[in-house]
Student: 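There's a structure below that I have some questions on.
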2 protein chains.
Amino acid sequence: MLWRIDAASDEPLYAQLVAQAHLAAARGQLAPGDRLPTARELADSLDLNVHTVLKAYQQLRDEGLIELRRGRGAVVTARAAADLSPVEQALAVLVRVAREANLSTETLTVLVKEAMSR
Amino acid sequence: MLWRIDAASDEPLYAQLVAQAHLAAARGQLAPGDRLPTARELADSLDLNVHTVLKAYQQLRDEGLIELRRGRGAVVTARAAADLSPVEQALAVLVRVAREANLSTETLTVLVKEAMSR
DNA sequence: CTACTTGTTCTAGTTGACATAGAACAAGTA
DNA sequence: TACTTGTTCTATGTCAACTAGAACAAGTAG
């Protein structure tokens, strides 16, 4: 899969990695059993710190997308096959109506987090 | 309107204020022509710094919800009547499908910001 | 068994956004 | 004119994110 990181974004680097992995899995670019690059490899190629990548991997593990084993690296789990297309569709709708209401990205983010915490 | 601020939230205080004002306007608790408390007043009652409140007010002005005038304070604009119910509905859908896909709030936030930036 | 790989854990330092604090100022109100 | 209130400026403290380096543990591969 292709990793695209925006260092200028206000979104944490590790969170960007997590989101990208989810999208890749949803698009079939990551199949169950596939291996992600080792943390040290990915950190090298993206010019990030190993710890940043590891934080992303650990969150991906918490979310059930990968398994982590010492000496072996990160392996995509069976559960990773989850279909994200409903999410992308819901996202598109949300963005459209939010724009119509003149909501800033920041404001919308607060609303999303609030809605998720309920 | 009632202001509810969560100091423990990872969401910036000013952003919480902005989101709350939008919700209040959408729910009719803020009608065009209404005045918000002055920045100094609101800062006092919420135990925040004036600058924090002013930052929220300035963003609300940028988003077209209020007008700011020295000596007078913050007045809700006509545009504030925008209906947020489509947004709340879209939010509910998004949260449901995101939960089904096991996405964390953090991950979903990245996806939202990415979608808004396109 | 041995050598190597790779995630885990620890400490430490830097940076930038957020929030606080205080002050002077400008533009409007009464 | 006196007062209110947003605007702008400087300064400071705090915290998460990121970087950095090291030692360690558990697995892989020969």
Student: For residues 62-75 of chain A, pull every pair meeting salt bridge (Lys or Arg N to Asp or Glu O under 4.0 Å), keeping only residues two or more places apart or in separate chains.
Tutor: none

Student: State the CD-CG distance between A:Gln29 and A:Leu23, to the nearest 0.5 angstrom.
Tutor: 8.5 Å

Student: Taking only residues two or more places apart in sequence or in another chain, which ones pass side chain to side chain contact (heavy atoms under 4.5 Å, CB included) with B:Asp6?
Tutor: B:Ala8, B:Ser9, B:Gln16

Student: Let me know the distance between CG of B:Leu48 and C1' of D:dT14, rounded to the nearest Å.
Tutor: 16 Å

Student: Give me the first and last nucleotide of DNA chain C, going 5' to 3', that has any atom under 4.0 Å from a heavy atom of chain B.
Tutor: C:dC18 to C:dT29

Student: Would you please name every residue forming a salt bridge (Lys or Arg N to Asp or Glu O under 4.0 Å) with A:Lys55, sequence neighbours left out?
Tutor: none

Student: Less than 4.5 Å apart, side chain to side chain, heavy atoms only: is that true for A:Val53 and A:Leu46?
Tutor: no

Student: By a strict heavy-atom criterion of less than 4.0 Å, which residues belonging to residues 34-44 of chain A are in contact with DNA chain C?
Tutor: A:Thr38, A:Ala39, A:Arg40

Student: Any residue in residues 57-70 of chain A with a heavy atom nearer than 4.0 angstrom to DNA chain C? Just list them by number, or reply none.
Tutor: A:Gln58, A:Arg61, A:Leu68, A:Arg69, A:Arg70

Student: List the residues meeting salt bridge (Lys or Arg N to Asp or Glu O under 4.0 Å) with A:Glu106, not counting sequence neighbours, and say none if there are none.
Tutor: none

Student: Can you name the closest pair of heavy atoms from B:Gly64 and B:Thr77 and give their distance?
Tutor: O-OG1, 2.7 Å

Student: Who are the side chain to side chain contact (heavy atoms under 4.5 Å, CB included) partners of A:Ala74, not counting sequence neighbours?
Tutor: A:Leu36, A:Tyr57, A:Ile66, A:Leu68

Student: Working to the nearest 0.5 angstrom, can you tell me the gap between B:Leu13 CG and B:Asp47 CG?
Tutor: 11.0 Å

Student: Please list, pair by pair, any protein nitrogen or oxygen found under 3.5 Å from a nitrogen or oxygen in nucleotides 9-11 of chain D.
Tutor:
from  : atom 1 : to      : atom 2 : distance (Å)
D:dC9 : N4     : B:His51 : NE2    : 3.2

Student: OP1 or OP2 of D:dC18 less than 4.0 angstrom from a side-chain nitrogen or oxygen of A:Lys55, does that happen here?
Tutor: no

Student: Is the number of heavy atoms from other residues, nucleotides or ligands within 6.0 Å of CZ (A:Arg35) greater than 12?
Tutor: no

Student: Under the rule for side chain to side chain donor-acceptor pair (under 3.5 Å), what residues qualify as partners of A:Ser117, not counting sequence neighbours?
Tutor: none

Student: What base-paired stems does DNA chain C take part in, with at least 3 consecutive Watson-Crick or G-U wobble pairs and both distances under 3.5 Å?
Tutor: C:1-30 with D:1-30

Student: Within less than 4.0 Å of OP1 or OP2 of D:dA17, is there a side-chain N or O belonging to A:Tyr14?
Tutor: yes

Student: Toward the 5' end of DNA chain D, which comes first, A:Gly71 or A:Val50, by nearest nucleotide?
Tutor: A:Val50

Student: Verify side-chain contact (heavy atoms from CB on, under 4.5 Å) between B:Asn102 and A:Leu65, making sure each step is shown before the conclusion.
Tutor: CA-CA 9 Å; B:Asn102 277 316; A:Leu65 197 94; over 6 Å; no

Student: Closest heavy-atom contact between B:Gln59 and A:Ser104?
Tutor: NE2-OG, 3.1 Å

Student: Which atoms form the tightest heavy-atom contact between A:Ala78 and A:Pro32, and what is the distance?
Tutor: CA-CB, 3.8 Å

Student: My understanding is that only residues two or more places apart in sequence, or in another chain, count here; which of them pass salt bridge (Lys or Arg N to Asp or Glu O under 4.0 Å) with B:Asp10?
Tutor: A:Lys113

